[in-house]
2 protein chains.
Amino acid sequence: MIEPPDESPSPCLCEADALPPSDQHAQQYAAVRNAHETELLEDYVELIGDLIEHQGEARSADIAQRMGVSQATVSKMVARLKGLGLVASKPYRSLFLTERGEEMAAMSRQRHAIVLRFLRALGISDDTARIDAEGMEHHVSEETLAAMQRFSQQRESS
Amino acid sequence: MIEPPDESPSPCLCEADALPPSDQHAQQYAAVRNAHETELLEDYVELIGDLIEHQGEARSADIAQRMGVSQATVSKMVARLKGLGLVASKPYRSLFLTERGEEMAAMSRQRHAIVLRFLRALGISDDTARIDAEGMEHHVSEETLAAMQRFSQQRESS
DNA sequence: CAATACAGTTAGCCTTTGCTAAGTTATTTT
DNA sequence: AAAATAACTTAGCAAAGGCTAACTGTATTG
Ligand SMILES: [Mn+2]
Ligand SMILES: [Mn+2]
Ligand SMILES: [Mn+2]
Ligand SMILES: [Mn+2]
């Protein structure tokens with residue numbers, strides 16, 4: 001790379017939108033990679049909790065169907081969840097959440113609900129809101145979550 | 001599973017929030033899996049485009065630093081991008097976007113900008129807005145994008 | 001123009017998240 | 001109680017996305 005001639009006669013008002021400093025930039029991507037590590041775990045425990053609540057029990061076959069994934073995939077994921085101490089079960093029997101699993105499920109469910117409500121308050125159609133919420137929920141900070149809540153509340157009381 | 005006694009004397013007003021039909025539910029997760037397939041490709045081409053625009057060229061070392069990832073990881077990813085016809089380069093030289101790469105970069109950049117502007121309009125602090133936008137951008141439908149744009153515009157003209 | 005420093009590549013490893021095919025266990029039906 | 005069906009598990013494969021260590025090529029500079 002040739003050394004740039006160090007020109008800047010005008011202070012460059014044109015600057016479209018400079019790149020952020022590279023350490024900050026790197027932090028953005030790191031946060032996303034981080035979210036990706038727990039995303040699927042959260043969706044699983046949330047779903048397992050919902051199934052227990054709404055159907056009385058959480059079975060692999062139901063999870064597979066609702067996630068749109070093979071039973072083998074669910075089996076493997078459940079093994080991981082058990083290893084992490086989030087889920088408990090005996091072979092060939094239905095699934096339960098551990099204490100820690102319940103906590104994670106509760107947090108995920110709440111966050112999911114806030115994002116979904118927000119999108120609806122924004123005027124998004126139901127199907128789209130559900131789809132977008134399923135992905136967005138894992139990338140929303142506490143700060144943004146709080147703002148979403150304020151917004152929905154205000155929008156609904158009018 | 002024991003057959004439930006088929007009781008529902010009261011029409012159950014309590015129903016917290018029933019599960020969606022399972023095919024719709026599966027579609028939600030499928031959409032997320034889908035987004036995950038292109039997410040990183042989008043971030044790479046967007047970054048390469050930005051580096052070319054702001055620094056004159058896109059070098060692996062810069063990408064690695066900005067992504068917070070090793071050079072080896074960038075090398076492998078670039079090979080994939082070349083295979084997909086999004087990036088062109090000769091060994092040991094800096095990177096260029098193909099026609100298709102430019103298109104993808106433009107779309108990604110625009111979407112990213114809309115989401116970031118929206119979060120700022122919502123009152124989110126700059127650092128947090130940047131982090132959240134980096135993840136959310138890949139999970140936002142056209143419909144939601146349009147709503148975000150309307151909202152920012154309206155919020156800014158006041 | 002050598003020597004050194006910097007940039008880029010390659011090989012080999014790991015984890016996650018998906019799949020199919022084949023085997024087991026549990027439940028339901030006859 | 002046997003047979004048939006449904007549910008679950010296991011084994012083995014692949015792609016994506018990360019890493020480190022070792023190597024190769026390019027640029028700087030004494
Ligand atoms: Mn969720
Ligand atoms: Mn989700
Ligand atoms: Mn982006
Ligand atoms: Mn991004």
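Naming convention: chains lettered A, B, ... in sequence-line order (proteins, then strands); numbering from 1 in each chain.
- For dC8(D), one of the phosphate oxygens OP1 or OP2 lies less than 4.0 angstrom from a side-chain nitrogen or oxygen of R59(A).
- Looking only at distances, a side-chain donor or acceptor of T98(A) sits under 3.5 Å from a matching main-chain atom of G101(A).
- Rounded to an integer number of Å, the gap from Y29(A) OH to dG17(D) P is 14 Å.
- At a threshold of 4.5 Å between side-chain heavy atoms, the hydrophobic network of Ile, Leu, Val, Met, Phe, Trp and Tyr places L95(A) and M104(A) in one connected group.
- Counting to the nearest Å, the P atom of dG18(C) and the CD atom of E39(A) are 10 Å from each other.
- Of the residues in residues 64-80 of chain A, those lying under 4.0 Å from DNA chain D by heavy-atom distance are Q71(A), A72(A), S75(A), K76(A).
- At whole-Å resolution of the value, CD1 in I48(B) and P in dG8(C) are 12 Å apart.
- R117(A) pairs with exactly one of E156(A), H112(A), Q153(A), Q149(A) by the side-chain hydrogen bond (donor to acceptor under 3.5 Å, both in side chains) rule, that one being E156(A).
- In this structure, L81(B) atom CG and dT9(C) atom P are separated by 13 Å, rounded to whole Å.
- Looking at heavy atoms from C-beta onward, H25(B) lies out of side-chain contact with Q65(A) at the 4.5 angstrom threshold.
- The hydrophobic clustering, which links ILVMFWY residues whose side-chain heavy atoms are closer than 4.5 Å, places I131(B) and V140(A) apart.
- Within the 3.5 Å criterion, the main-chain N or O of S125(A) finds a donor-acceptor partner in the side chain of E143(B).
- The interatomic distance linking R33(A) (CZ) with dC19(D) (C1') rounds to 12 Å, in whole Å.
- Put simply, the residue from M136(B), H138(B), E46(B) that forms a side-chain contact (heavy atoms from CB on, under 4.5 Å) with R111(B) is H138(B).
- The two residues A58(B) and S94(B) have their closest heavy-atom pair at O-CB, 3.2 Å.
- Taking the side chain as every heavy atom from C-beta outward, E39(A) and V32(B) approach each other to under 4.5 Å.
- Straight-line distance from the CD atom of E37(A) to the C1' atom of dT17(C): 13 Å, rounded to whole Å.
- None of D62(B), L81(B), L86(B) except one satisfies the side-chain contact (heavy atoms from CB on, under 4.5 Å) rule with I48(B); the exception is L81(B).
- For the helix from dC1(C)-dG30(D) to dT30(C)-dA1(D), the rotation axes defined at the first and last 5 base pairs enclose an angle of 0°, given to the nearest 10°.
- Listed by residue number, the members of residues 84-98 of chain A with any heavy atom below 4.0 angstrom from DNA chain C are Y92(A), R93(A).
- Classification of the H36(B)-H139(B) ring pair by plane angle, with boundaries at 30° and 60°, yields perpendicular.
- Summarising the geometry, the separation between CG on L40(A) and C1' on dG17(D) is reported as 15 Å, rounded to the nearest angstrom.
- In this structure, the CD1 atom of I63(A) is 13 Å from the P atom of dA7(D), given to the nearest Å.
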